[in-house]
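Order of the sequence lines sets the chain letters (A, B, ...), proteins ahead of strands, with each chain counted from 1.
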2 protein chains.
Amino acid sequence: MATRNEPRTEPRIPLSRDRVLRAAVKLADESGIESLTMRRLAEEVGAEAMSLYYHVAKKEDVLDGIVEVIAGEINEVVGRIDVPSKGAAWKSAVRQRVLAAREVFLRHPWAPRVFETRADVSPPVVQYFDALIGLMRDGGFSYDLAHHALHALGSRALGFTQEMFDPGDGAGDEESTAMLESMAEQLPHLVGMLREIAHDDPDSTLGWCDDQTEFEFGLDLILDGLDRMRETA
Amino acid sequence: MATRNEPRTEPRIPLSRDRVLRAAVKLADESGIESLTMRRLAEEVGAEAMSLYYHVAKKEDVLDGIVEVIAGEINEVVGRIDVPSKGAAWKSAVRQRVLAAREVFLRHPWAPRVFETRADVSPPVVQYFDALIGLMRDGGFSYDLAHHALHALGSRALGFTQEMFDPGDGAGDEESTAMLESMAEQLPHLVGMLREIAHDDPDSTLGWCDDQTEFEFGLDLILDGLDRMRETA
DNA sequence: TAAGGTACTCTTACGGCGTAAGGCAGTCAA
DNA sequence: TTGACTGCCTTACGCCGTAAGAGTACCTTA
């Protein structure tokens, strides 16, 4: 049963923090963040669970590292954007960067949850925010307004929102739709709203919102509001 | 060792789904959500872990139930609010309710995380949103605008935001502040901003933001933007 | 009063988790 | 040659969620 000890046939790439973290991201991409366990991660890199601990301190450290990897990916993407940001142009500069960051999260749907549970600030994330503040400064923001702006944007600054009614991938829709319909009397406004939306967008069995459109709506609402404050300051 | 089997001295309140859920909230309030395990929850209600399963399906069900309890608490609080909401008054009506809901979350700091991980919509939450839509309708919102509004508000509609740099209770502040200061060259904008904030608000060792103020800033920014759309519609 | 059903709680046990403690092989400097 | 250091592995512990099924108390019906 020498499945593991065959140094000849399988050259065995040495472990490293970076390799472990990349494998963790891959595992989460493929099987979801809940299936990221130290044992499975070890298997992914062809080692035993305890071997990982030579390269990472503990599982929390893996999660911290994952954030760095994703934030690095974001910085790489937004780093390629080079548009004017002076004066009124700040808005589209920020907008473009946020939407570019969002695309990274769309590739890693499990990532927002991980970001949200990290208390500590990691260098790549800090770097991203620094650049964002820079754009606002170009637009004439005071530090105070830029600070408020970051709070107002919240996680939207990084490209994601936490939807309260996340319909997932349409799973369980009929069920909850039926549930809502059956409560039409107690929920007149909500049911009315949903009926109209379903009517206007008939392709939906109530799928039910276009996330990208809604994200941009909220983003623009905030950016426009900030822009007005910038001008009247 | 008849510590448990003494039906006389300890009358033993019967278990129930409601009692289990309330105990779960209490446990989370006192020791944090991460210490909410079926065994500890059982201990809290004076029973064995497996006994809980007669009243709840599984741990996920407990978390769903917790959301219902908290949302119920919110509905109770906002239900006592009765202010005009016709026309322009919609804004302060919504504002008041959101801030009232926020107070409930301030009493249960662990709750946002639980809300965010629930995919399914629970009746009390749905009821809350229905009332919110009702206020917007009073203000003259189309269903379409109300729908956009809910997305724009996101979790803010329920009274919380996910802060990207949550300083917790000031823990680890000096450390991260020092880290940032040492990176002043790479992070000119961020460090500049923080220096000014620290300067303007000298009591802070960088504690560092007034969450309530920032929450209201973002909320008002969004509500004002929506109000303008309402008027020009 | 006896018998059986129902509602609730418990005991036992299993597999999976994160990780502490320490062993062992390969490499490299003295 | 030796001994330290690096990198990976084995073993084991305590905690977790929960499946299976055995009591136990009470209530109904005869």
Any A/S51 side-chain nitrogen or oxygen under 4.0 Å from OP1 or OP2 of D/dC9: yes
Test: A/E44 and A/R40 ion pair at under 4.0 Å: no
Minimum side-chain heavy-atom gap A/R195-A/E181 below 4.5 Å: yes
Of B/A49 and A/Y53, the one whose closest DNA chain C nucleotide lies more 5': B/A49
B/I13 CD1 - C/dC8 P separation (whole Å): 16 Å
Whole angstrom value for the distance that separates C1' of D/dT24 from CD of B/E48: 15 Å
Base C/dG16 to side chain A/R39, donor-acceptor N/O within 3.5 Å cut-off: no
Pairing of A/E60 and A/R118 as salt bridge, 4.0 angstrom limit: yes
Positions of residues 54-69 of chain A (non-hydrogen atom under 4.0 Å from DNA chain D), listed by number: A/Y54, A/H55
Parallel, tilted or perpendicular, as decided by the 30° and 60° cut-offs, for the rings of A/F105 and A/F115: perpendicular
Basic-acidic side-chain contact under 4.0 Å: A/R17, A/D61: yes
Pair B/F160 + B/F215: ring centers closer than 6.0 Å: no
